[in-house]
Structure formats: structure tokens, C-alpha cells
Amino acid sequence: MASQREELSLEKQMSNIQEEARMILPGIQALFGFQLIAVFQEKFSKLPEFEKHIHLAATTLTLTGILLLIAPAAYHRITEPHSVTDKLVKRSTLLITIGLFPLAVALSLDFYLFTRIVLESAQVAAIFGGIAFVALVITWFIWPKSQVQRSGS
């Protein structure tokens with residue numbers, strides 16, 4: 001059975017973009033908060049320097065993701081507050097899509113650190129972190145792209 005397709009107005013597309021960002025941001029902001037307070041925990045001080053740097057990288061990548069997810073709203077407010085253009089929709093979509101990549105890396109690095117602390121094995125943690133990254137890339141990028149290619153859009 002073929003799926004139905006409906007073209008959305010620019011206004012509806014922008015509304016969807018804003019709603020998607022509103023759904024994603026609270027979780028990312030909570031993650032960012034936990035990343036920031038982690039450095040004040042006793043176990044963090046016992047991590048090797050290399051793993052402290054991994055945490056710094058993950059926190060920086062989370063901040064980068066937040067920056068890219070909020071950028072469309074700031075861009076819209078400053079450049080075209082009273083209208084929605086095709087350019088705005090395309091740039092917003094691009095910024096959000098790009099923003100997912102640093103988040104995938106940050107989540108994978110954080111999962112590595114979490115697993116490293118729980119299991120006390122850097123090798124097993126690296127495997128878990130790698131699996132997390134692959135799973136995120138597949139579900140956030142590869143699978144959606146394959147659906148677009150399959151539908152011919």
C-alpha cells in the first residue's frame with residue numbers, strides 16, 4: 001500500500017521544526033546539567049586525566065548540539081520575525097540535523113564513561129560506547145535517509 005503524502009505550507013513546516021526542537025531541548029538541557037555537576041562528584045576526581053578529558057569533550061559536544069538546536073529560533077527572530085521563507089525552513093532543518101551529530105557523539109562518550117565506572121573496564125566500556133554511537137547514527141541518520149531514498153523524495 002502506497003503511503004499518502006501532503007505538502008505542508010512553509011508556516012506549518014516551521015511550526016513542526018519549532019515543535020521538534022521544543023521536544024528535544026529539555027532532555028539535552030537536563031543532560032548538560034548532569035554533565036556540569038558530574039565534575040563535583042567524588043568518583044569524577046578519581047577518573048584518569050584521559051577520561052576527564054572525554055567528559056569535557058562530551059560536555060562541549062552537548063553544548064554544541066544545544067547551540068545548533070536553538071540557532072533556528074534565534075535566526076528566525078533576528079532575520080525574519082514576521083515571515084517564514086523557504087530559506088529559513090531549509091536552514092533550520094540543516095542546523096537541527098547537524099546538531100544531532102555532536103549529540104550522538106556526546107551521548108556515546110557519556111555512555112562510555114558511565115559504563116567504565118560501573119563495570120570498571122575501559123575495553124568493555126569502549127565497546128558499549130561504540131555500540132551506542134552506531135545505534136544513534138543508524139536511527140537518527142541512516143534509517144531516515146534510507147526511507148527518503150526509498151520514497152524517492
| Under a 4.5 Å side-chain heavy-atom rule over Ile, Leu, Val, Met, Phe, Trp and Tyr, are Tyr75 and Ile17 clustered together? | yes
| request: If the plane angle is over 60° it's perpendicular, under 30° parallel, otherwise tilted; pick one for Phe128 and Phe111. | output: tilted
| request: State whether the side chain of Thr115 and the backbone N or O of Ala125 hold a donor-acceptor pair below 3.5 Å, judged by distance alone. | output: no
| said: Is there a side-chain contact between Pro102 and Thr62 in this structure, where contact means two heavy atoms from C-beta onward sitting under 4.5 Å apart? | reply: no
| Note: Lys46-Glu42 ion pair, threshold 4.0 Å (strictly below) | yes
| task | Decide yes or no on side chain to side chain contact (heavy atoms under 4.5 Å, CB included) for Leu47 and Ile117, but give the supporting numbers first. | result | CA-CA 9 Å; Leu47 287 176; Ile117 291 168; 4.0 Å; yes
| Does Glu11 offer a backbone N or O that forms a donor-acceptor pair with the side chain of Ser15 under 3.5 Å? | no
| Is it the case that one hydrophobic cluster holds both Leu63 and Leu113, taking links as side-chain heavy atoms less than 4.5 Å apart, direct or via other members? | yes
| said: Quick check on Phe141: does its CZ atom have over 12 non-hydrogen neighbours (other residues, nucleotides or ligands) under 6.0 Å away? | reply: yes
| note | So OG1 of Thr93 and CD of Gln13: to nearest 0.5 Å the spacing works out to 7.5 Å
| said: Do Pro48 and Arg116 make a side-chain contact, defined as non-hydrogen atoms from C-beta onward lying under 4.5 Å apart? | reply: yes
| Within 6.0 angstrom of Phe114 CZ, more than 12 heavy atoms from elsewhere | no
| message | Closer than 3.5 angstrom, by distance alone: can the side chain of His55 be matched with the main-chain N or O of Glu51 as a donor-acceptor pair? | response | no
| field | Any side-chain heavy-atom pair of Leu95 and Leu69 under 4.5 Å | value | no
| Any side-chain heavy-atom pair from Leu68 and Leu100 closer than 4.5 angstrom? | no
| How long is the gap from CD1 on Ile66 to CG on Leu103, to the nearest 0.5 Å? | 7.5 Å
| message | Do Phe101 and Ile24 land in one hydrophobic cluster if side-chain heavy atoms of ILVMFWY residues count as linked below 4.5 Å? | response | yes
| task | Indicate, with yes or no, if Leu94 and Leu67 share a hydrophobic cluster defined by side-chain heavy-atom contacts under 4.5 Å among Ile, Leu, Val, Met, Phe, Trp and Tyr. | result | yes
| Any donor and acceptor pair, going by atom type alone, linking the side chain of His76 with main-chain N or O of Met14 inside 3.5 Å? | no
